[in-house]
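Because only heavy atoms are used, hydrogens play no part in the values below, and waters and symmetry mates are left out as well, while side chains stay in.
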Amino acid sequence: MTSQRVSRPLDTSGYDARREEYTVQPGDSYWIISRRLFGSGDYFKALQQHNRETNPNPSNLKVGDVLSAPTAQSLREMYPLLCPKERTA
């Protein structure tokens, strides 16, 4: 079991779990969003990759942009090389 990562959001501001979408808030970056949603900024590369078609420039997020935000488990399955390695106890 990992102590860093969770499958559900920690800070639900801007997050719609039913749709697995996140609405960009002031000051957000992919790292901040990753930390809010998964408890670790380490998922930011996978989150960027997952949203590359709708937001090709990761440094150009705008307040109100809607990002696809699947669970940490889904990101690990889709982008294993871009996600943190699972720690075993």
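- Hydrophobic clustering (side-chain heavy atoms under 4.5 Å, transitive across Ile, Leu, Val, Met, Phe, Trp, Tyr) groups M78 together with L47.
- Residues T71 and F38 come closest through the heavy atom pair C-CE2, 3.9 Å.
- Residues Y22 and Y15 keep their aromatic ring centres 6.0 Å or farther apart.
- Residue G14 comes nearest to Q25 through the heavy atom pair CA-NE2, 3.5 Å, listed as atom of the first residue, atom of the second, then distance.
- Closest non-hydrogen pair, L75 versus H50, comes out as CD2-CB, 4.2 Å.
- Using a 4.5 Å cut-off between side-chain heavy atoms of Ile, Leu, Val, Met, Phe, Trp and Tyr, with links allowed through other members, V66 and I32 fall into different hydrophobic clusters.
- The minimum heavy-atom distance between L82 and Q49, with the atom names listed, is CD1-CB, 3.7 Å.
- In this structure, CG in N55 is found 11.0 Å from CD in E53, a value given to the nearest 0.5 Å.
- Residue S34 holds its OG atom at 11.5 Å from CG of D28, rounded to the nearest 0.5 Å.
- The distance from atom OG of S59 to atom OH of Y30, rounded to the nearest 0.5 Å, is 10.0 Å.
- Classification of R35 and D42 as a salt-bridged pair fails, no side-chain N sitting under 4.0 Å from a carboxylate O.
- Side-chain atoms of D65 come within 3.5 Å of backbone atoms of K62 as a donor-acceptor pair (strictly under, hydrogens ignored).
- When T23, L61, L37 are each tested for a side chain to side chain contact (heavy atoms under 4.5 Å, CB included) with L67, only one passes: L61.
- For N60 (side chain) and N57 (main-chain N/O), no donor-acceptor pair under 3.5 Å exists by modelled atom type.
- In this structure, CZ in R76 is found 4.0 Å from OH in Y43, a value given to the nearest 0.5 Å.
- Shown here are the side-chain contact (heavy atoms from CB on, under 4.5 Å) partners of R19, two or more places apart in sequence or in another chain: D16, E21.
- Here the closest heavy-atom approach between residue S74 and residue P70 is recorded as CB-CB, 3.8 Å.
- Between the OG atom of S68 and the CZ atom of R52 there is a distance of 11.5 Å, given to the nearest 0.5 Å.
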